[in-house]
Each structure stands twice: as structure tokens, then as C-alpha cells.
Amino acid sequence: MKKLLITLIIVISAVNITFAAEISNEAKLQYNQGVDYYRLGQYDKAMAAFRQAIAIEPNYIDAYYNLGTILEFIKQDDAALVVFKQIIVRNPNDYEAVYKAAKLSQKLGQTDKAKEYLSLIPPTAVVANKAQSLANSMKTDLQTIKKEQQDKINKSKTITQTNGVYQNLASPTGMTTDSNGNLYIAGFSDNSILKISPDGTKKLFVKDARINGPIGLECDSAGNLYVANYNGDNVLKISNKGAISVLIGNVKKPYCLHIAGNLLFISSQGTNSVIRYKL
């Protein structure tokens with residue numbers, strides 16, 4: 001449970017059921033030390049302990065929440081926002097973190113981003129009233145914000161039907177699109193995946209040591225991305241939350257990917273075969 005302690009709302013025990021059973025004793029020890037340091041008013045030591053708990057267990061939601069709360073309290077708003085974003089990536093339904101991200105974005109002058117976060121908060125959430133108040137401070141309301149954001153999403157789902165060229169790509173190989181019209185391009189030479197939104201905005205989607213010579217790309221209906229890792233001899237899965245894992249190991253020189261229903265097909269140049277895998 002989240003309890004009120006002096007001026008900050010600090011999580012006293014591991015309450016995130018999804019990850020609680022997976023948290024190691026070493027991480028819990030660091031976490032508890034962070035709470036003890038907080039109670040003593042030693043915020044620097046408390047934050048260091050929470051960061052150590054996160055280093056041990058990257059999905060320790062409560063440690064992120066406490067770290068972000070202290071950073072917000074000492075007015076390190078940019079750093080606090082980064083922390084709450086990490087919670088949202090891991091649990092998009094943590095509406096307290098979503099509200100915090102909206103509030104911090106608004107304080108930092110990022111009004112459009114604040115509205116994006118507010119649009120994610122349902123009227124049944126515990127923080128709905130606070131979210132409505134924040135929206136009112138921006139001369140609007142949650143209903144209007146939700147409609148505006150939905151209109152943006154609907155507009156972005158259509159790729160502009162015009163000719164053009166995307167330039168300055170690093171050895172582009174495989175490509176795929178998601179349901180929102182975003183284009184993903186594998187960069188073979190620099191082991192990365194680029195993302196180009198329907199409006200033409202280009203950004204690095206992911207670059208990770210586990211990506212090694214990506215070629216084929218495919219995206220399923222849930223927004224998960226699959227990568228034919230040619231030099232890595234495996235197929236990677238990048239979840240819609242950004243988590244990277246090896247979906248299929250020991251695939252010799254995977255090249256093309258194709259999804260039909262719940263089946264993923266992978267061409268293996270190294271074995272002159274096509275693998276069928278049930279997702």
C-alpha cells in the first residue's frame with residue numbers, strides 16, 4: 001500500500017503483484033534501506049539505495065516510484081519524469097505514474113505531452129479527479145483531451161500516399177509497419193532498428209547488443225516486433241512495451257519473416273529451409 005509519510009508518498013513494501021514474486025532478497029534489502037534513509041531525511045542515500053534496487057531488479061516498480069517521488073520533491077523534475085516514464089513502459093495501467101508524468105510534463109512546459117498522458121487516464125482511476133484538475137489548469141478538460149488525442153491517432157494511422165525518399169539510412173534491409181502506420185527499418189551495419197512515423201519523423205527505435213545483423217522484420221496485431229537476427233542466428237521479439245527477448249534460438253542465418261494469423265514463418269538461409277513457429 002502507498003502510505004503518507006511526512007511530505008512524500010512513499011511505497012513502504014513491494015505491492016506490485018506482477019513482479020513481487022520475482023524480486024530478489026538483495027533488491028529488497030536495498031529497497032528497505034532506501035525507505036529507512038528516507039525516514040531519516042537522508043534523501044541522497046535513499047535515492048542511491050532505490051537506484052541500486054533497480055539495478056538489481058530492472059522491473060522493481062515500487063523502487064522506481066519512490067525514486068521518482070523523491071526527485072520530484074527536491075525539484076529535479078526532468079529526472080523524475082524519466083523515472084515515471086520507466087514505470088509506464090513496464091505497466092501502462094499504473095495511472096498514478098501516468099498522472100505524475102502528466103503533471104511533470106506540464107511543469108516543464110511540455111503541454112502537448114502532458115495532454116497525451118492525461119488522455120490515458122480512465123474516469124474510474126483513483127487519480128481521475130486530480131487528472132481533471134490538472135486538465136482544468138490547462139484551460140481544458142479530460143473529455144476534450146481524450147477526443148483530441150483520439151483524433152490525432154486516427155489521423156496518424158494513414159500513411160501519406162505520396163512519392164518520396166527516406167535518406168541517410170544505415171544499410172537498410174528489412175521493413176514492416178504497425179497498425180498505427182509507423183514504418184520500422186532494420187539497419188544491418190549498425191545493428192539498429194529505425195522508426196519513421198507517418199508524418200515523416202525519423203528516430204532510433206532500438207539499438208541493443210542482442211541485435212546482430214538484423215534483416216527481416218515483421219509486426220503482429222498487438223504491436224510486437226520480430227527481428228530476423230542474421231548474424232546472431234536467432235529471431236528476436238521486441239514486445240509492445242520495449243522488452244527484448246530471444247524468441248527462437250539456433251536459427252541458421254534467418255532472413256525473411258512473415259506472419260499469417262498466429263503463425264510466424266522464418267526463412268533460414270543457413271539450412272535452406274523455412275521454419276513455422278506458433279506465436
Side-chain angles (χ1 to χ4, degrees), residues 2 9 16 18 59 61 64-65 68-69 71-72 77-162 164 166 175-185 193-206 217 219-225 238-244:
K2 294 184 172 76
I9 298 177
N16 191 278
T18 303
N59 290 321
I61 299 296
Y64 281 107
Y65 189 89
T69 300
L71 285 167
E72 181 185 14
D77 294 334
D78 286 296
L81 178 56
V82 170
V83 173
F84 285 113
K85 284 181 179 179
Q86 290 297 316
I87 296 177
I88 297 169
V89 167
R90 289 161 173 78
N91 182 10
N93 296 325
D94 190 321
Y95 297 118
E96 290 188 43
V98 174
Y99 169 73
K100 288 280 193 180
K103 182 180 177 182
L104 287 163
S105 295
Q106 194 268 343
K107 285 178 66 178
L108 292 167
Q110 302 169 12
T111 304
D112 289 343
K113 197 62 183 178
K115 289 180 178 180
E116 286 183 28
Y117 287 121
L118 287 176
S119 71
L120 302 175
I121 300 176
T124 55
V126 174
V127 296
N129 289 338
K130 291 193 294 184
Q132 188 69 261
S133 296
L134 181 58
N136 293 340
S137 73
M138 293 186 283
K139 309 301 182 184
T140 185
D141 55 65
L142 285 182
Q143 292 72 27
T144 300
I145 288 174
K146 289 179 182 294
K147 183 179 183 306
E148 291 174 347
Q149 294 302 315
Q150 187 59 50
D151 289 344
K152 287 183 181 179
I153 291 172
N154 292 338
K155 184 177 179 180
S156 70
K157 286 184 178 180
T158 303
I159 295 179
T160 303
Q161 301 298 313
T162 58
Y166 297 121
M175 297 177 291
T176 190
T177 57
D178 63 19
S179 60
N180 292 322
N182 297 299
L183 173 67
Y184 299 88
I185 304 172
I193 297 172
L194 200 68
K195 179 179 179 181
I196 302 178
S197 60
D199 64 3
T201 302
K202 180 173 64 175
K203 68 176 182 180
L204 180 65
F205 178 64
V206 64
L217 295 182
C219 192
D220 64 21
S221 59
N224 301 305
L225 187 68
I238 305 176
S239 76
N240 55 18
K241 295 181 181 180
I244 303 175

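The analysis underlying the following values was restricted to heavy atoms, covering all of them including side chains, and did not include hydrogens, waters or symmetry mates.
- Here the closest heavy-atom approach between residue I87 and residue A97 is recorded as CG2-CB, 3.5 Å.
- Between T176 and C219, the closest heavy-atom pair is OG1-N, 3.5 Å.
- For residues 115-128, every residue pair satisfying the side chain to side chain donor-acceptor pair (under 3.5 Å) rule, not counting sequence neighbours, is listed here: K113-E116.
- Between atom CG of residue N59 and atom NZ of residue K241 there is a gap of 9.5 Å, rounded to the nearest 0.5 Å.
- The side-chain hydrogen bond (donor to acceptor under 3.5 Å, both in side chains) search around K147 returns D151, not counting sequence neighbours.
- Remark: D220 engages N224, Y226 in a side-chain hydrogen bond (donor to acceptor under 3.5 Å, both in side chains) (not counting sequence neighbours).
- Scored by the ring-ring contact (aromatic ring centres under 6.0 Å, His included) test, F84 finds Y65 as partners (sequence neighbours excluded).
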For residues 101-111, tabulate all N or O donor-acceptor pairs below 3.5 Å that involve a side-chain atom, not counting sequence neighbours.
{"from": "S105", "atom 1": "OG", "to": "A101", "atom 2": "O", "distance (Å)": "2.7"}
{"from": "K107", "atom 1": "NZ", "to": "D77", "atom 2": "OD1", "distance (Å)": "3.4"}
{"from": "K107", "atom 1": "NZ", "to": "D77", "atom 2": "OD2", "distance (Å)": "3.3"}

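- By the 4.5 Å heavy-atom criterion applied to side chains, K130 and E96 are not counted as neighbours.
- The shortest distance between side-chain heavy atoms of L183 and M175 falls below 4.5 Å.
- K202 meets the salt bridge (Lys or Arg N to Asp or Glu O under 4.0 Å) test with no other residue; sequence neighbours excluded.
- Looking at N182, its side chain never comes within 3.5 Å of a backbone N or O of D178 through a donor-acceptor pair.
- Under the rule for a ring-ring contact (aromatic ring centres under 6.0 Å, His included), the partners of F205 that lie at least two apart in sequence or sit in another chain are Y184.
- Distance check: E148 CD to Q143 CD gives 11.5 Å after rounding to the nearest 0.5 Å.
- No side-chain heavy atom of T201 sits less than 4.5 Å from a side-chain heavy atom of I196.
- Closest non-hydrogen pair, P123 versus A128, comes out as O-CB, 3.5 Å.
- More than 12 heavy-atom neighbours from other residues, nucleotides or ligands sit within 6.0 angstrom of CE on M138.
- Annotation: side-chain hydrogen bond (donor to acceptor under 3.5 Å, both in side chains) contacts of N129 (sequence neighbours excluded): none.
- A distance of 9.5 Å separates CG in L120 from CG in N93, rounded to the nearest 0.5 Å.
- When the side-chain hydrogen bond (donor to acceptor under 3.5 Å, both in side chains) test is applied to Y99, no partner is found at least two apart in sequence or on another chain.
- Applying the side-chain contact (heavy atoms from CB on, under 4.5 Å) test to A79 and every residue at least two apart in sequence or in another chain returns L71, Q76.
- In terms of the salt bridge (Lys or Arg N to Asp or Glu O under 4.0 Å) criterion, D141 has no residue partners (sequence neighbours excluded).
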Take I185 and I193 through the test side-chain contact (heavy atoms from CB on, under 4.5 Å) and record every step on the way to the result.
CA-CA 6 Å; I185 304 172; I193 297 172; over 6 Å; no

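- Counting heavy atoms from C-beta on, the side chains of K85 and V89 never come closer than 4.5 Å.
- Across all their heavy atoms, A135 and I145 have their closest contact at CB-CD1, 3.8 Å.
- No donor-acceptor pair closer than 3.5 Å links the side chain of T177 to the backbone N or O of G181.
- Closest of all the heavy-atom pairs between D94 and I61 is OD2-CG2, 3.9 Å.
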